[in-house]
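All heavy atoms count here, side chains included; hydrogens, waters and symmetry mates do not. As the structure is a computational prediction, the values presented were derived from the model and not from experiment. Residue numbering restarts at 1 for every chain, and letters A, B, ... go by the order of the sequence lines.
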Number of protein chains: 2
Amino acid sequence: MNTVKPNKTRGRPRAFDHEEALGKALNVFWTRGYEGASMAELTDALGINRPSLYAAFGNKEELFRKALAKYLAGPVSYAEATMHEPTARKAVEKFLRKSAELLTNPNNPRGCMIVQGALSCGQGSELIQRELITYRKNYEDRLKQRFELAQKQGDLPGDSNAADLAKYIATIHQGMSVQATSGASYEELIAVVNTVLDNLPENQNR
Amino acid sequence: MNTVKPNKTRGRPRAFDHEEALGKALNVFWTRGYEGASMAELTDALGINRPSLYAAFGNKEELFRKALAKYLAGPVSYAEATMHEPTARKAVEKFLRKSAELLTNPNNPRGCMIVQGALSCGQGSELIQRELITYRKNYEDRLKQRFELAQKQGDLPGDSNAADLAKYIATIHQGMSVQATSGASYEELIAVVNTVLDNLPENQNR
DNA sequence: TTAAATTTGTACTGAACGGTAAATAAATAT
DNA sequence: ATATTTATTTACCGTTCAGTACAAATTTAA
C-alpha cells in the first residue's frame with residue numbers, strides 16, 4: 001500500500017508543509033512555554049495565517065499537544081534508547097549525558113519542554129500543566145522500572161530503593177533543565193553529571 | 001526618632017494592611033508565577049480594588065518585586081542561616097532539609113518562587129525572567145563561597161571543586177522545586193536529600 | 001468651617017488575547 | 001464547463017489583559 005503520497009486530493013492544496021510548520025510551533029512552545037506562546041507569535045513563526053493554523057492543528061491546546069508529541073518523538077527520543085544500556089549505571093550515564101547535550105544544544109531552545117512547558121501558570125492552563133506533570137511522572141517511572149530490572153540482574157544492590165533512585169535522577173534532570181534555561185553551559189552540566197555518576201551505588205562495575 | 005507610627009497623616013486612611021495585602025499577593029505569584037497571575041486574581045485575593053493596589057504598590061512588575069522581597073525576607077530567610085552551620089556537610093544538610101520542608105509545606109504554595117516565578121514566559125516578562133535568573137545565580141554563588149570556606153577550614157577536600165559542587169547542590173534544589181510542584185511529598189524529597197548526603201565528599205566527619 | 005491631602009469605588013481605556021465568519025482562490029471530479 | 005472540495009485571505013468577534021480618569025469619601029490642617 002502506498003500511503004505516503006495520496007496525491008490528487010480534492011480542493012486547493014495546502015501552501016505549507018505540515019511537519020515543518022509543526023516544528024516551528026514546537027520551537028516557539030519550547031522557548032516560551034504553553035502560556036507564554038501567543039497565537040500571534042505562533043502564526044508569525046509558522047508564516048501562515050490564523051485560520052490555516054486552526055484548520056490544520058485545531059486550537060492552541062491541540063497544537064501544543066501535537067508539538068509535544070513531535071518533541072517526544074524527535075529530540076527526546078534518545079531517552080528511551082538510553083534505558084536499554086546493559087547496566088543501570090550506563091543507562092543513567094547515557095541518559096544524563098544526552099540530556100545535558102540536548103538541554104544546551106545551540107540548535108534548539110534551552111531547557112526541557114516537559115519540565116518548563118507549564119510549570120507555574122494561570123487558571124486557563126491548568127489542564128496542560130497536569131498533562132506535563134503526568135509526562136514527568138512517566139519518565140520517572142521508566143527510570144524506576146530500569147532500576148528494578150538492574151536489581152534483578154544484579155548490577156544494582158538488592159537493598160537499594162529503585163523508586164528513590166529514580167526520583168533522585170529525575171530531580172537531577174529537572175534541575176539541569178532549570179540550569180540550562182538559566183544559562184549553564186554544556187560543560188557545567190557535564191560536571192554535575194559527573195558528580196552524580198561518581199556517587200551512584202554499585203560503583204565497582206564501572 | 002519614632003518612625004514606627006507616624007500617625008495623624010492627612011487624607012483618608014488606608015482601609016487595608018499593607019504587609020498583609022503584600023503577603024496575599026505573594027501567595028498568588030508563588031502559585032501562578034509572574035505571568036500566570038492576573039491583576040484581576042490579585043485584586044480579588046487582596047480584597048482591594050484596582051486603583052488602591054496600583055497606588056500602594058506601583059504596577060504589576062513592582063508588586064512582584066515587592067512580593068519577592070517579602071518571600072526572601074520571610075519563608076526563604078532560612079537559607080542564609082544554613083550557610084553558617086559549622087561544616088559544609090551540615091550546611092548542605094540543613095539547606096536541603098529546610099528546602100524540602102518549605103517546598104512541600106501545606107501552609108504555602110508548592111515549589112520555589114525563585115525557580116518557577118518566570119522560568120518560561122512570554123516576551124513581556126523577560127525582564128522579570130532575567131531578574132530571577134540572577135537570584136538563582138546568587139544563591140548558587142553563596143553555596144560556592146561556603147564550599148570555598150570549607151576547603152580553607154579543611155572540612156572539604158582541597159582538590160574538590162567548589163563551583164561544581166555548588167552547581168550540583170543548586171541543581172538538586174531546583175529539581176526538588178519541580179518535584180514539589182509535580183506533587184512529590186516531603187518524605188520523597190527527604191529521600192532525595194538523603195541520597196545526596198550519602199554521597200557528599202569528605203563523608204568521614206559526619 | 002473651609003481647604004488640602006489622600007484613599008476609595010465606579011467605570012472606563014486601548015491593546016492583546018484566543019478564536020471564527022465569510023468571501024475568494026485553487027485544485028479535482030463529473 | 002460546471003460543481004464540489006479544500007485552503008487562503010481579510011476582517012472581525014467577544015473576552016481578558018494591564019493600567020487609569022474621575023468623582024465621592026474621609027481624614028488632618030488651618
Evaluate the side-chain proximity of A:Tyr139 to A:Val76: yes if any heavy-atom separation is below 4.5 Å, no if none is.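 A side-chain contact under 4.5 Å is absent here.
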
With heavy-atom distances below 4.5 Å as the criterion, would you say the side chains of A:Lys24 and A:Asn27 are in contact?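 Sidechains of A:Asn27 and A:Lys24: no contact.
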
Would you mind reading off the distance between [X] atom [atom1] and [N] atom [atom2], rounded to a whole angstrom?
{"X": "A:Leu53", "N": "C:dT20", "atom1": "CG", "atom2": "P", "value": "12 Å"}
{"X": "A:Lys60", "N": "C:dT20", "atom1": "NZ", "atom2": "P", "value": "14 Å"}
{"X": "A:Leu46", "N": "D:dA7", "atom1": "CG", "atom2": "P", "value": "16 Å"}
{"X": "B:Glu62", "N": "D:dA18", "atom1": "CD", "atom2": "C1'", "value": "13 Å"}
{"X": "B:Phe16", "N": "D:dA25", "atom1": "CZ", "atom2": "C1'", "value": "16 Å"}
{"X": "B:Ile48", "N": "C:dT8", "atom1": "CD1", "atom2": "C1'", "value": "10 Å"}
{"X": "A:Tyr54", "N": "C:dA21", "atom1": "OH", "atom2": "P", "value": "12 Å"}
{"X": "A:Asn49", "N": "C:dG18", "atom1": "CG", "atom2": "C1'", "value": "15 Å"}

Taking A:Glu188 for the side chain and A:Ser185 for the main chain, is one N or O donor matched with an acceptor at less than 3.5 Å?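 Yes; at least one donor-acceptor contact below 3.5 Å.
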
Check: A:Glu85 main-chain N/O paired with A:Arg146 side-chain donor or acceptor under 3.5 Å: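 The answer is yes, because a donor-acceptor pair under 3.5 Å joins these two groups.
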
Quick one: on DNA chain D, does A:Pro13 or B:Glu61 contact a more 5' nucleotide (nearest heavy atom)?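 Whichever sits nearer the 5' end wins; that is A:Pro13.
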
Let me know, please, whether A:Arg10 or B:Asn59 comes out on the 5' side of the other along DNA chain D by nearest nucleotide.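 Looking at DNA chain D, the more 5' nearest nucleotide goes with A:Arg10.
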
Starting at the 5' end of DNA chain C, which residue's closest nucleotide do you reach first, B:Ser52 or B:Gly11?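 Per heavy-atom nearest nucleotide, the more 5' residue is B:Gly11.
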
Which is more 5' along DNA chain C, the nucleotide nearest A:Pro51 or the one nearest A:Glu41? Just name the residue.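 Here A:Glu41 is the residue nearer the 5' end.
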
Go through D:dT8, D:dG19, C:dT7 for me and flag the one nearest to the A:Arg12 side chain.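 Nearest listed nucleotide: D:dT8.
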
Over all strands shown, is A:Ala15 touching base, sugar-phosphate only, or nothing at heavy-atom distances under 4.0 angstrom?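 Contact class for A:Ala15: sugar-phosphate only.
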
Show each protein N/O and nucleotides 12-15 of chain D N/O combination with a separation under 3.5 Å, one pair to a line.
none

Lys/Arg N to Asp/Glu carboxylate O, [X] vs [Y], below 4.0 Å:
{"X": "B:Glu19", "Y": "B:Lys70", "value": "yes"}
{"X": "B:Glu101", "Y": "B:Arg97", "value": "no"}
{"X": "A:Arg32", "Y": "B:Glu126", "value": "yes"}

Where along residues 18-38 of chain B does a heavy atom fall under 4.0 Å from DNA chain D?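 The answer is B:Ala37, B:Ser38.
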
Answer yes if the side chains of A:Arg136 and B:Ser182 hold a donor-acceptor pair under 3.5 Å, and no otherwise.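 Their side chains do contain a donor-acceptor pair, which is all the 3.5 Å distance test asks for.
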
If you measure only the distance, is there a donor-acceptor pair under 3.5 Å linking the side chains of B:Gln179 and A:Gln174?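 Present: a donor and an acceptor within the cut-off.
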
